[in-house]
Amino acid sequence: MDFEINETQTELVDGIRRLCEGEFPLDVVRARESTERAIDRDGWQTLGDAGVFGLCLAEEAGGVGLGLAEGALVFEELGRSLIPGPLVATHLAAGLVEGAAEGTAVVGLVERPRPSASSTALPIVIEHLADLDVLLVLSDAGIERIDNPAATLDARLLPRPMDPLTPVWALASLPTGEPIAGPDVAAWWRRDGAVLTAALQVGMAQWSCDLAVDYAKGRVQFGRPIGGFQAIKHLCADMVVRAEVARCAVQSAAVTVDQPEVGDPDVAAAGAKLLADEAAVTNGRSCIQVHGGMGFTWEVPAHLAYKRARVLSTSFGTAHDLAEALAQSLVV
Amino acid sequence: MDLRYSDAEQAFRADLRTWLEATLPTLPPKPDPNDWPGRRAYDTHWQRLLFDAGYAGVDWPTEGGGRGASAIEELIFKEELERAHAPYVGVNFVGLLHAGPTIIAEGTPEQKARFLPAILQGEDVWCQGFSEPNAGSDLASMRTRAVRDGDDYVITGQKIWTSHAEVADHCELLVRTGPEDSRHRGITWLILPMDAPGVDIRPLSTIAGSNEFAELFLDEVRVPVTNRVGEENDGWRVTMVTLSFERGTAFVGDLLEAFELLSTSVTLAQRTGAWDDVGTRREAGHIKAELDALWALTRRNVSQAARTGIPGQGGTYFKLAYSETRHKLGEFSLGLLERAGLAAHDVEGLDDAGVLPAQTVVEDWLRGISLTIAAGTSQIQRNIVGERILGLPKEPQSQKG
Ligand SMILES: Cc1cc2nc3c(=O)[nH]c(=O)nc-3n(C[C@H](O)[C@H](O)[C@H](O)COP(=O)(O)OP(=O)(O)OC[C@H]3O[C@@H](n4cnc5c(N)ncnc54)[C@H](O)[C@@H]3O)c2cc1C
């Protein structure tokens, strides 16, 4: 057993970090705030060229042929850069939707609501609709495909999205799309989607922590850096612990998917997503708090990670669902 | 201890209820949340209606145009307004809840005559210029300077986070009149007319995308010495009076609004089926207990204020506890909306039972973040409780004073 990341993996992380810093600095990402199209197609293509979307696709199928462990490492870096768009969905769609692996297509995903006994009062909400070439609909039965969804669906753009880089549309019901995969694929998409989304969340949890620690070292009140006050020091310490615990859970889940003999991949994925969601949301709020009044401004980016973390918490399993699944797994 | 209201208090409530039923339907439509001149017009019109009916400044002395009733009636007033969904104080917040009470406590007879009626009649809107870029939690380190020149003070410096600055007529301004390092011993409380030459207002955007606060640049602004409240260099003590009001009963309307949000959320949960989940129900039950207890704490604080004239320590307890409960409530409501909460915009539900209150829930969740920051951060409040109330040793501070 050796749970340390190896040399090739380190190189992969360094490479993707350099790419993100070069191509997706925060001011470039923020330039698209509060627009209907948050995704820059050239940037998407750059991610495709770098192998982000085809990373876990077999080499024979035109992919890079790496495992989910590498996928999680790469997605943590993407999370850290706050890159918007259906990164996880497009990654999952590689090999199934033409252009996904290469980054020439933007592929979105939405859950088909489960039929329920009670009145379902909630509408279906789709992210990034205007940018999507293909929308995939995920259900227990499998995956359906809807091409050119912005033109096909009767969806309404919602003003004032919570995350200014995740525009959202609402619609009452989804038509049936073209079936492209069955229940087995749907199940592993749910699992891998949870792990990769959790990896994005860990990246953001770390980003919020770094931003807060930086500020706590520089901001002076009462004649000393605020990080010198225990109240702030402890907020920061809790942030890094939360991020690190979640990171281990995510990487362990990713490796478990690659090496199913070491554990139950579904259970590991659910736990990882649960903790990573919590870490990203809680660190987002702590980061705002450490910034005081500054944290409540639009200009300071602290709110972006907090809001995105909230958005990501609603897909590939909510806290309720994940905790419930984990509880079930305890019953022998 | 007696929680029953007197006959007079009940009569006050009944009359107010009748008046609200007759008056609220006559109000114009609410302005867009980002239309600040429109909001000012709306809020001040409402204040004028209250004044004409004798409901402005319920617990203010009659000399200033107030009703001269007790803090208990003021509490009933807020309770009934919230119950009837009447407008909130809005841009009148600083005038009614900080500047006005400070002038009542510390102002000269001339200042009282000049400024108090205008607040109650909805003529004057106030803002608060305390915080500076480098003096937030450490307010006593502020640097905005005022130099005496004949009958004027000449003021130069910068303030930040000034809520409603763009639509305000006056600002309760703290300035440094003592030596640079005099900290709380060299601060003076002034009334700044916002249209004075040399005042430059630059709006700042909040995380909710609204321009509710601003930066204030002051370049050799002249303010007459007659606008000073309290003595020169005694502004810190004057300020503590204001802050105790801010942390005291200023959140009553807000608390009552929270009850409302909880009940909206429960209705929502019943519609979506989330109410079938035992975890959801228990979470709601816990929040209910906290809100009830905070309402009890409010009545304790108000009773104390009615006896002594100033809110006691309870205000600090309230602010700390309330901001956490409100955060819990925000998370709870937002969770119930699931993905419909991904925009601050109401969405049509699918069960023909009307729209889902996503706008209220998301805005409330965002605003909730400011509760642990504005008017003294929770960290600072905990220090106050620990050091000033419990008498625990102070944290090491590298600066004297
Ligand atoms: C929505 C909103 C409206 C506001 N409106 C007004 C207004 O109208 N007028 C006005 O004057 N001000 C206003 N404020 C400003 C508010 O009072 C300040 O933001 C607050 O006092 C904190 O100061 P700061 O922003 O400089 O943060 P800082 O003081 O820099 O604090 C940064 C962090 O350090 C922590 N910290 C600082 N000192 C200590 C310590 N000794 N021990 C432990 N932790 C510490 C704080 O808790 C915080 O987490 C408003 C703020 C907000 C968010």
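Computed from a prediction, not measured in an experiment: that's the story for all the values here. Here is the naming used below: chain letters follow the sequence lines, and residue numbers restart at 1 for every chain.
- Environment of CZ in R281(B): crowded, with over 12 heavy atoms of neighbouring residues, nucleotides or ligands closer than 6.0 Å.
- In this structure, chain A has no heavy atom under 4.5 Å from any part of L371(B).
- For L356(B), the part sitting under 4.5 Å from any heavy atom of chain A is the side chain, from C-beta outward, and nothing else.
- Classification of E348(B) and R156(A) as a salt-bridged pair fails, no side-chain N sitting under 4.0 Å from a carboxylate O.
- Residue D154(A) qualifies as open at atom CG: its count of foreign heavy atoms under 6.0 Å is 12 or below.
- Interface residue L366(B): backbone and side-chain heavy atoms are both found under 4.5 Å from chain A.
- The CH2 atom of W365(B) lies 7.5 Å from the NZ atom of K307(A); values are rounded to the nearest 0.5 Å.
- In terms of heavy-atom pairs under 4.5 angstrom with chain A, the leader among L204(B), L334(B), V362(B) is L334(B).
- Only the side chain of V168(A) has a heavy atom closer than 4.5 Å to any heavy atom of chain B.
- In plain terms, the two heavy atoms of Y306(A) and I369(B) that are nearest each other are CE2-CD1, 3.2 Å.
- Each of D346(B), L337(B), T377(B) has some count of heavy-atom pairs under 4.5 Å with chain A, and the biggest count is that of L337(B).
- Of the inter-residue distances, the one linking T372(B) atom OG1 with R285(A) atom CZ reads 4.5 Å to the nearest 0.5 angstrom.
- Under a 4.0 Å N-O distance rule, the pair E127(A)/R339(B) qualifies as a salt bridge.
- Here the CD1-CD distance, from I124(A) to E338(B), works out to 12.0 Å after rounding to the nearest 0.5 Å.
- Applying a 4.5 Å heavy-atom cutoff, the residues of residues 312-328 of chain A that approach chain B are T314(A), S315(A), H320(A).
- Separation of atoms CE (M162(A)) and CD1 (I207(B)) is listed at 10.0 Å; rounding is to 0.5 Å.
- Here the CD1 atom belonging to I373(B) is positioned 11.5 Å from the CE atom belonging to M294(A), to the nearest 0.5 angstrom.
- To the nearest 0.5 Å, atoms OG (S137(B)) and CZ (R219(A)) are separated by 7.5 Å.
- The backbone N or O of F222(A) lies less than 3.5 Å from a partner atom in the side chain of D138(B), making a donor-acceptor pair.
- L158(A) has its side chain within reach of V347(B): a pair of non-hydrogen atoms, C-beta onward, lies under 4.5 Å apart.
- With a 4.5 Å cut-off on side-chain heavy atoms, Q379(B) and L235(A) count as touching.
- Aromatic ring orientation, F213(B) versus F296(A): perpendicular (interplanar angle above 60°, classes split at 30° and 60°).
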